[in-house]
Amino acid sequence: MSEQRVIIVGGGFGGVTLAQHLERKAPPETEIVLISSENHFVFTPMLAEVVGRSISPLHMSVAGRQMVRRTTWLTAEVTDIDLQTHLVRYVGQGGEDASLTYDQLVLACGSVVNMNIMPGLAAYAYPIKTLGDAIDLGNDVISRFEEAAVETDAARRRRLLNLVVIGGGFSGIEVAGAITEVANHALRFYPTLKGERAHIILLQHGNLLIPELNAPSLSRFADDKLREAGVDVRLNCGAEEVTAAGVRLKGGELIEAAIVVSTVGTSPNPLIQKLGISLQHGRLVTNPDMSVTGASNVWALGDCAMVPNAIDQRPSPPTAQFAMRQAKQLAENLVRTFRGEPIRPFSFKSLGMLASLGNRTAVAEILGVRISGFIAWILWRAIYLSKLPSLARKLEVVVDWTWSGLFSPNIVQLQTSRTGGVGLAHYAPGEFIFHKGDRIGNVFAIQSGTAGVYPDESAHPAVILKPGELFGERSPSGTGRLVYGASVKAETPLDLITIRSKDFQRVVQTVTSLRAMTKRSEAALAGYEALMTMAKERPRLVSLTVSDVMSRPAETILPDTSLREAVKRFSGGRPAYPIVNQEGRLEGYCGRIELFDALRGARALDTPIRDFMRRDPPVVMENQSLLDASVVLLREDVDLLPVASMDGSGKVVGVMSPLDVILKAIEPLSTDTSLRKAPDDRKLAS
């Protein structure tokens, strides 16, 4: 038997269970690789217990490497799959690109939360998909109690104690029950909230809770028990919009709430959407043996796959129970494939369903037997405890449950943000912050020191960045990846504030001024690269200086010139003026931006221009190279660049505009002399 490499994409129930069964059934020469975006496996059916502070979050997660033996666990994000060459490309947590070929590929990457199914859901609602979601929600519930305890306005206090759960399926009722239980126990520790209670509203668009149950009587039991616990269950009630104020229903009613939880809405994993294979209801269509239709040596299971069940010829539901059984069968099918033996279709009859309602009650449907109440709750805990991976986790959860049964729930408001609130970094002179072509990770703001931007590391820096400036904005590479468009190196000791690129882009999309600044920065880099290309094509441009293209003499304004007079001067069409003193030395700069800001600020018309001019403007020397001066024009937001005398006096002897550079680049070199002789015809043309 030849060596085989099986790559499993996804570290959930399906992926981990498949790896475990392959380790036992596949021959030793079979290489098993599991790629997961997380380094751990999470027992997701108990996320509501984490929200309700019944279980420590660390006790329902296990490091992936501890769950497998000879499987290679890679914590990375799969970015692309080439079905023709059998190649999987992925990116590690450090941003490094890598790839692996496969003999057999298994897609167990699940689905993703769709927070765009209604307006405002992504901005204000908590999903319940990951361990981080559960931790954040539980922490926020306690945070709202703390806020309400010091709130003196009755209406605001009521809103802080209102929580809406959207969706009355398994996750919805379990979260609603867990939060109600912890709220009822916790409020007695808040004397200022005496007489108040948390108001939990559960919205279900249908006429039954947990419609997945086959027994309407169990759905009605769940409804009754939640209402007894204080949950405001609203059937046939759909949310239309989530805002900062709360949830607006389809009938127009606004439910004011400080916390909104969404347990509805899933989308196909973006990875499977890129494969170019037809999907059905957002899931990969498979044959009965779990091989993907339309692809060779590719298999799929779990939430991302539409696997037909031979028991009833219907698609398998996207539950952990079915994913684990699919994994077991797929392991056998893969081993049979290695041996050249016939493979079998997936066939499994559901063992049942369970849901906890909080307050020591649950509903269960086990092998056709319907159970509710305390006995169902004991059964729920026993079955889930038996499914937990590792003996250590089982013991830890037993201790958690025992403790929560004897004592009040933990109401510690856990601050998960690190001291300082933002990332900080320090670089010594000569150290690179990143290299051109590296994948984007952070955007940086200079706190102190200077940094050089190097489109070409073997050349001089194109720009020297100073405190207050940003760098690290994204640029597309030739492969479509988001990468840094230039290298950046510390020129002096450099202290930086770091912002995650995703967070920065979210802010940029909202703050217009920041978006404009980012675009200017990216355009400046692109302009610099175009300038270097032009210099290679026209070598003589390299030898030109500012004096070869500048307009002279410069039209200037004195610092005492009034706003009224400045408006008159600008009305002639001039884009900007250097501000000079009586000796002709540069003191500032005033362009249309500065002028309009002064007018918008309702400054008095007799205000001297020195009060609103730009101080310390960029300036170049008349003997400076044209390329160096062009870089300043690209980087600085000015219409004209003042030119100072090369004798060191600081006197302004001319101005240079972007059009001066462009004209010199596009005009035949034979006209250089004529251009210099007639500067007034094109002076200040911009």
Side-chain angles (χ1 to χ4, degrees), residues 8-21 23 33-69 71-78 92-93 108-113 126-142 170-171 174-175 178-179 182 261 263 269 302-304 318-321 323-324 327 354 356 380-404 409-410 412 414-418:
I8 304 168
V9 179
F13 280 97
V16 171
T17 304
L18 174 62
Q20 291 172 332
H21 282 281
E23 288 181 342
V33 179
L34 190 151
I35 306 177
S36 173
S37 59
E38 303 284 353
N39 86 322
H40 57 273
F41 166 83
V42 179
F43 195 77
T44 52
M46 287 186 171
L47 285 177
E49 296 277 293
V50 174
V51 176
R53 303 295 179 99
S54 297
I55 295 178
S56 166
L58 291 177
H59 296 168
M60 56 173 296
S61 58
V62 183
R65 290 173 175 79
Q66 294 178 340
M67 298 188 67
V68 294
R69 296 183 179 180
T71 296
T72 300
W73 184 291
L74 300 178
T75 304
E77 181 181 353
V78 175
Q93 289 193 333
C109 47
S111 58
V112 297
V113 176
Y126 280 94
I128 296 294
K129 182 72 172 179
T130 67
L131 189 57
D133 294 337
I135 295 172
D136 287 345
L137 176 56
N139 202 38
D140 204 23
V141 169
I142 302 302
F170 282 101
S171 296
E174 290 186 337
V175 168
I179 293 176
V182 72
V261 184
T263 64
N269 191 301
D303 292 7
C304 71
T319 64
Q321 179 183 173
M324 295 175 71
L354 306 101
S356 173
W380 177 87
R381 285 199 160 184
I383 292 177
Y384 276 177
L385 185 65
S386 69
K387 300 296 182 183
L388 271 171
S390 88
L391 178 61
R393 291 296 179 268
K394 289 181 172 66
L395 292 175
E396 287 169 340
V397 169
V398 168
V399 171
D400 285 343
W401 279 341
T402 302
W403 188 270
S404 64
N410 191 334
V412 171
L414 184 64
Q415 297 290 347
T416 56
S417 59
R418 75 182 208 180

Trainee: Determine, step by step, whether Trp73 and Val16 satisfy the side chain to side chain contact (heavy atoms under 4.5 Å, CB included) criterion, reporting the C-alpha distance in whole Å, the side-chain angles of both residues, the deciding distance to 0.1 Å, and the verdict.
Mentor: CA-CA 10 Å; Trp73 184 291; Val16 171; 3.9 Å; yes
Trainee: Identify the heavy atoms of Asp303 and Gly110 that sit nearest to each other, and give their distance.
Mentor: CB-CA, 3.8 Å
Trainee: Atom OG of Ser56 and atom CG of Asp400: how far apart are they, to the nearest 0.5 Å?
Mentor: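 Between atom OG of Ser56 and atom CG of Asp400 there are 6.0 Å.
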Trainee: Can you give me the closest heavy-atom contact between Leu131 and Pro57, atom names plus distance?
Mentor: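 Scanning both residues, the minimum pair turns out to be CD2-O, 3.6 Å.
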Trainee: Can you tell me how far CE of Met60 sits from CD of Glu396, rounded to the nearest 0.5 angstrom?
Mentor: 12.5 Å
Trainee: Under 3.5 Å, which donor-acceptor pairs do the side chains of residues 34-48 form with other protein atoms, sequence neighbours left out?
Mentor:
residue	atom	partner	partner atom	Å
Ser36	OG	Glu38	N	3.2
Ser36	OG	Glu38	O	3.0

Trainee: Just jot down the ring pair (Phe, Tyr, Trp, His ring centres under 6.0 Å) partners of Trp401, sequence neighbours excluded, or say none.
Mentor: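 Ring pair (Phe, Tyr, Trp, His ring centres under 6.0 Å) list for Trp401, sorted by chain: empty.
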Trainee: Please report the interatomic distance CG(Leu385) to NZ(Lys387), rounded to the nearest 0.5 Å.
Mentor: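 Output value for this atom pair is 11.5 Å.
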Trainee: Between the side chains of Glu23 and Thr71, is a donor N or O closer than 3.5 angstrom to an acceptor N or O?
Mentor: yes
Trainee: If you compare all heavy atoms of Gly14 against all heavy atoms of Ala108, which two are closest, and at what distance to 0.1 Å?
Mentor: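 So the two residues come closest at C-CB, 4.4 Å.
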Trainee: Check whether any side-chain heavy atom of Leu137 lies under 4.5 Å from a side-chain heavy atom of Val175, and answer yes or no.
Mentor: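 Yes; the side chains approach each other to less than 4.5 Å.
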Trainee: Of all the heavy-atom pairs spanning Arg393 and Pro389, show the shortest one and how long it is.
Mentor: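 That closest heavy-atom pairing would be CB-O, 3.2 Å.
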Trainee: Would you mind reporting whether Ile142 and Arg53 have side-chain heavy atoms less than 4.5 Å apart?
Mentor: yes
Trainee: Are there over 12 heavy-atom neighbours, none belonging to Arg69, within less than 6.0 Å of that residue's CZ?
Mentor: no
Trainee: Would you say NZ of Lys394 has more than 12 non-hydrogen atoms from neighbouring residues, nucleotides or ligands within 6.0 angstrom?
Mentor: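 Yes, the 6.0 Å shell around NZ holds more than 12 heavy atoms from other groups.
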Trainee: Rounded at 0.5 Å granularity, tell me how far CG in Leu395 sits from CG in Leu388.
Mentor: 10.5 Å
Trainee: State the CG-SG distance between Asn269 and Cys109, to the nearest 0.5 angstrom.
Mentor: 4.0 Å
Trainee: Considering residues at least two apart in sequence or located in another chain, which fulfil the salt bridge (charged side-chain N to carboxylate O under 4.0 Å, His left out) criterion with Glu174?
Mentor: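 Counting only residues at least two positions away or on another chain, Glu174 forms no salt bridge (charged side-chain N to carboxylate O under 4.0 Å, His left out).
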Trainee: Begin from the C-alpha positions of Glu49 and Arg381 and carry the test side chain to side chain contact (heavy atoms under 4.5 Å, CB included) through to its verdict.
Mentor: CA-CA 11 Å; Glu49 296 277 293; Arg381 285 199 160 184; 3.8 Å; yes
Trainee: Kindly give the heavy-atom pair with the smallest separation between Ser54 and Ser404, and that separation in Å.
Mentor: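 Looking at all heavy atoms of both residues, the shortest contact is O-OG, 4.2 Å.
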Trainee: Would you give the length of the straight line joining atom NZ of Lys129 to atom OG of Ser111, rounded to the nearest 0.5 angstrom?
Mentor: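 Rounded to the nearest 0.5 Å, the NZ-OG separation comes out at 3.5 Å.
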